[in-house]
Amino acid sequence: MRKGNLFVVSGPSGVGKDTVLAALLEHQPDVRVCVTATTRAMRPGESQGNPYQFLSVTEFESMVNEDAFLEYAHVNGGNLYGTPRAWVEENRAVESDVILKIDVQGGIAVRKKASDAILIFLEPPSLAELERRLRARSTETEDQIKIRLLDARNELAQKPHYDYAVVNDSLESAVDHLRGIILAERCRVPARG
Ligand code: ADP
Ligand code: 5GP
């Protein structure tokens, strides 16, 4: 039986991952975006399950001990984030395509655990535009913006580990390209043997 495809969408903070995936779901509602787990504090407007499963460090560690994460990592200043393995497997088993919106190190780790994962790198049109978007979002302090821009350079250097790169220039074009990849991967002839 065909399994759903496993897509990973990564890219530097502020490139537009949330924005692009929200727009994608309007046009392609049959893909499922994974709610990952984190130990970071809830921000105003967030709630349990939106956009994360919020866990204490003890709860997170017991899931690590149960091997319940497909991958997990310290991201942006030491908080833990992890992809729940059971959710991914259950959805793929019922032929749903799933998307993981995780950082670049997470994407590379997923590829080691699931060799059939399809890794998509979301790129900014330029570093100047990335900086403009981070500032316009107004969710980080000046210090955090500086760290994220430094991280962005390292993350952009990891692009060769990814299968596809989509530039988030116009939102409409980025969504079209992402949909194109998802639809093309559904047409892939399974490898023999
Ligand atoms: P990420 O999830 O990658 O951190 P966001 O989706 O929060 O990024 O986007 C960061 C900022 O950039 C937001 O203010 C968003 O409205 C803006 N943005 C996203 N995509 C575009 C785009 N294609 N053109 C202009 N601004 C964009
Ligand atoms: P934020 O806390 O600002 O929402 O997200 C911080 C970063 O954590 C983002 O780059 C996001 O993609 C990443 N992230 C979210 N969930 C996971 C996960 O399960 N694993 C990894 N490796 N990164 C994640």
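Residue numbers start at 1 and run along the sequence shown. Atoms within a ligand are numbered from 1 in the order they appear, just like the ligands themselves.
- The nearest heavy-atom contact from the protein to atom 8 (O) of ligand 1 is G16 N, 3.1 Å.
- Nearest to atom 24 (N) of ligand 1 among the protein's heavy atoms is R133 NH2, 3.3 Å.
- If you number the atoms of ligand 1 from 1 as listed, the ones under 4.0 Å from a heavy atom of K17 come out as 1 (P), 2 (O), 3 (O), 4 (O), 6 (O), 8 (O).
- Against a heavy-atom cut-off of under 4.0 Å, L171 is close to the following atoms of ligand 1: 23 (N).
- Looking only at distances, no side-chain donor or acceptor of K159 sits under 3.5 Å from a matching main-chain atom of F121.
- Here the closest non-hydrogen pair linking R40 and F54 is O-CD2, 3.4 Å.
- A donor-acceptor pair is defined here as one N or O able to donate and one able to accept, closer than 3.5 Å; such a pair exists between the side chain of N168 and the backbone of V15.
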Pair V88-V110, side-chain contact (heavy atoms from CB on, under 4.5 Å): steps then yes or no: CA-CA 11 Å; V88 171; V110 165; over 6 Å; no
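- Each of K17, T36, R40, R43, Y52, E71, A73, V75, N76, Y81, G82, T83, K101, I102, D103, G106 has a non-hydrogen atom positioned under 4.0 Å from some atom of ligand 2.
- Salt bridge present: R135 and E142 bring a charged side-chain N and a carboxylate O closer than 4.0 Å.
- Exactly one residue among Q28, R186, R92 makes a side chain to side chain donor-acceptor pair (under 3.5 Å) with D97. That residue is R186.
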Residues Y162, E123; criterion side-chain hydrogen bond (donor to acceptor under 3.5 Å, both in side chains); working and verdict: CA-CA 12 Å; Y162 276 63; E123 284 185 277; over 6 Å; no
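- In terms of heavy atoms, H74 sits closest to G78 at ND1-O, 2.9 Å.
- The two atoms that bring V35 and Q53 nearest to each other are CG1-N, 3.6 Å, heavy atoms only.
- With contacts defined as side-chain heavy-atom distances shorter than 4.5 Å, the pair Y164/H177 does not qualify.
- When side chains are defined from C-beta on, M63 does not count as touching E59, because their heavy atoms never get closer than 4.5 Å.
- Heavy atoms of L122 found under 4.0 angstrom from ligand 1: none, in either backbone or side chain.
- Here the protein heavy atom with the shortest distance to atom 2 (O) of ligand 1 is D18 N, 3.0 Å.
- Scanning the protein heavy atoms around atom 10 (C) of ligand 1, the nearest turns out to be G14 O, 3.4 Å.
- Given atom 16 (O) of ligand 1, the protein heavy atom at minimum distance is T19 OG1, 4.1 Å.
- Counting only heavy atoms of the protein, atom 7 (O) of ligand 1 lies nearest to R137 NH1, 2.9 Å.
- Atom 20 (N) of ligand 1 has its closest protein heavy atom at N168 ND2, 3.1 Å.
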